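Worksheet: one structure, shown below.
Model, not experiment: these values are computed from the prediction. The sequence lines fix the lettering, A, B, ..., with proteins before strands; numbering per chain opens at 1.
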There are 2 protein chains.
Amino acid sequence: MTSAHALPRRERTLTIGQVAERTGLSPDTLRYYEKAGLIQRIGRTGGNQRRYAAADLVWLEFLLRLRETGMPIADMQRYAGLRAAGDATVADRLALLRAHRAVLADRMRALERNAQALDEKISHYAQLLARQQETDPS
Amino acid sequence: MTSAHALPRRERTLTIGQVAERTGLSPDTLRYYEKAGLIQRIGRTGGNQRRYAAADLVWLEFLLRLRETGMPIADMQRYAGLRAAGDATVADRLALLRAHRAVLADRMRALERNAQALDEKISHYAQLLARQQETDPS
DNA sequence: CCTTGACCTGGAGTCGGCTCCAGGTTGCAG
DNA sequence: CTGCAACCTGGAGCCGACTCCAGGTCAAGG
């Protein structure tokens with residue numbers, strides 16, 4: 001059995017700069033995420049420079065999706081911790097994702113409501129403006 | 001013509017504590033919003049205590065809706081400034097709201113996409129879990 | 001080889017959005 | 001009147017999520 005954490009010898013890897021470019025995160029943020037435990041320790045060259053493997057990118061993209069849905073870093077840390085702990089935590093991870101999914105559903109409903117209210121306000125203003133321009137076509 | 005800013009003598013008004021209770025904001029936050037210019041200066045008693053009028057609450061609720069849709073305070077400041085500047089700014093306000101509405105639409109689409117991805121992940125995990133429990137019904 | 005841009009670490013700084021506090025004042029129930 | 005909870009102000013502090021920096025090391029093209 002091969003170690004899950006070794007730097008794969010013959011896999012194409014990316015430098016932190018290349019990953020930054022691909023993901024839109026800054027190198028600083030990538031290091032910060034790693035320090036914070038959102039990302040497992042990335043493989044290194046002999047000279048201690050990070051080399052990101054394909055699997056790292058997959059995980060990163062998942063994280064970014066969670067972030068885009070407003071999940072706080074603390075929750076991502078919990079999730080990453082469970083993930084690192086192995087298969088025994090699948091049930092917990094599932095629960096976490098489901099809870100987040102529910103939060104998401106609430107937020108989407110709220111957004112919809114507010115968007116509608118906003119639309120009303122907008123059409124109200126549009127009418128107001130139309131009347132203004134009618135009486136005062138400066 | 002009556003001043004738009006005088007404390008109406010015979011209108012039912014609310015103390016900051018009552019407004020806090022009704023809106024879910026803390027008194028500190030209400031004062032902060034006022035200091036920041038999101039809210040016009042609230043009418044005061046002789047002893048300098050705030051008394052919120054109905055119109056203040058209406059505006060507050062509008063602000064809260066903007067906040068719920070993720071509008072940053074800086075933008076709300078701009079909007080509040082325009083509003084305070086009178087009717088001549090209706091076009092600008094309209095533009096601001098429309099821009100925000102567009103942002104909102106984008107965010108809703110992104111959320112939808114991510115929710116879908118999340119659902120896939122969830123069902124993947126659910127299946128994994130089911131198989132686990134089948135082979136290891138501890 | 002050597003240069004030079006990309007990379008490393010630890011730690012300080014920034015920004016948005018509140019939240020808390022000290023030290024004093026107000027206003028209503030009794 | 002008086003007591004006491006609720007209010008006032010200015011300013012410091014906090015939290016999350018980065019962002020920047022100094023001072024040093026690495027790696028790949030020429």
Side-chain angles (χ1 to χ4, degrees), chain A residues 7 9 12-53 56-57 60 62-81 100 103 107, chain B residues 7 9 12-53 56-57 60 62-81 100 103 107:
Chain A
L7 185 63
R9 259 144 246 253
R12 256 198 244 76
T13 58
L14 299 176
T15 68
I16 197 169
Q18 292 168 327
V19 174
E21 209 172 329
R22 270 166 188 64
T23 60
L25 297 172
S26 73
D28 272 325
T29 301
L30 284 166
R31 293 192 200 100
Y32 163 67
Y33 279 5
E34 188 176 339
K35 228 189 280 188
L38 298 191
I39 301 175
Q40 304 212 186
R41 185 172 170 82
I42 296 294
R44 309 292 179 117
T45 65
N48 196 37
Q49 296 197 356
R50 291 170 180 80
R51 287 299 118 95
Y52 290 77
D56 296 328
L57 289 196
L60 249 178
F62 178 62
L63 276 186
L64 287 186
R65 247 179 282 126
L66 291 184
R67 189 182 72 156
E68 230 187 341
T69 59
M71 181 182 281
I73 281 187
D75 289 7
M76 297 194 228
Q77 279 169 338
R78 277 199 359 97
Y79 190 91
H100 184 58
V103 167
R107 290 233 321 267
Chain B
L7 184 61
R9 259 144 248 252
R12 257 198 243 76
T13 58
L14 298 176
T15 68
I16 197 170
Q18 292 169 328
V19 174
E21 208 172 331
R22 268 165 188 65
T23 59
L25 298 172
S26 74
D28 272 327
T29 301
L30 284 167
R31 292 192 200 98
Y32 164 67
Y33 279 5
E34 189 176 337
K35 229 189 282 190
L38 298 192
I39 301 177
Q40 304 209 190
R41 183 171 170 83
I42 295 295
R44 308 293 178 115
T45 65
N48 197 34
Q49 295 197 359
R50 290 169 180 80
R51 286 301 117 93
Y52 290 78
D56 296 328
L57 288 196
L60 249 178
F62 179 61
L63 276 186
L64 288 185
R65 247 179 281 127
L66 292 183
R67 189 182 71 157
E68 231 187 341
T69 58
M71 181 183 282
I73 280 185
D75 290 7
M76 297 194 228
Q77 280 168 338
R78 275 198 4 94
Y79 190 90
H100 184 57
V103 167
R107 291 233 321 268

Starting at CD1 of B/Ile42 and ending at P of D/dC8, how long is that distance when rounded to a whole Å?
-> 10 Å
Set of salt bridge (charged side-chain N to carboxylate O under 4.0 Å, His left out) partners for B/Arg31, sequence neighbours left out = B/Asp28
Along DNA chain D (nearest heavy atom to each residue), the more 5'-positioned of B/Gln18 and B/Lys35 | B/Gln18
Going 5' to 3' through nucleotides 16-30 of chain C, assign each nucleotide B (protein heavy atom under 4.0 Å from a base atom), S (under 4.0 Å only from sugar-phosphate atoms) or - (no protein heavy atom that close).
-> -BBSB-----SS---
Between A/Ile73 and A/Tyr32, is a side-chain contact (heavy atoms from CB on, under 4.5 Å) present by the stated rule, with each step listed?
-> CA-CA 11 Å; A/Ile73 281 187; A/Tyr32 163 67; 3.7 Å; yes
Can you name the salt bridge (charged side-chain N to carboxylate O under 4.0 Å, His left out) partners of A/Glu34, sequence neighbours left out?
-> A/Arg44, A/Arg50
Which pairs, protein N/O on one side and nucleotides 1-3 of chain D N/O on the other, fall under 3.5 Å?
none

Partners meeting side chain to side chain donor-acceptor pair (under 3.5 Å) with A/Tyr79 (sequence neighbours left out) | B/Tyr125
Starting at atom CD of B/Glu21, determine the distance to atom C1' of D/dA6, rounded to an integer number of angstrom.
-> 13 Å
Could you state the atom-to-atom distance from CG of A/Asp75 to P of D/dG16 in whole Å?
-> 11 Å
Count the heavy atoms belonging to other residues, nucleotides or ligands that lie under 6.0 Å from CZ of B/Arg78, then report whether that count exceeds 12.
-> no
B/Ile42 and B/Arg51: which non-hydrogen atoms are nearest, and at how many Å?
-> CG2-O, 3.4 Å
Between the protein and nucleotides 12-14 of chain D, list the N/O to N/O atom pairs that are separated by less than 3.5 angstrom.
none

Hey, what do you get for CG (A/Leu60) to OH (A/Tyr33), rounding to the nearest 0.5 Å?
-> 8.5 Å
Using atom OH of B/Tyr52 as one end and atom P of D/dA6 as the other, report the distance to the nearest whole Å.
-> 16 Å
Does the side chain of B/Arg50 get closer than 4.0 angstrom to OP1 or OP2 of D/dC7 through an N or O atom?
-> no
Find the distance B/Glu34:CD to D/dC7:P and express it as a whole number of Å.
-> 14 Å
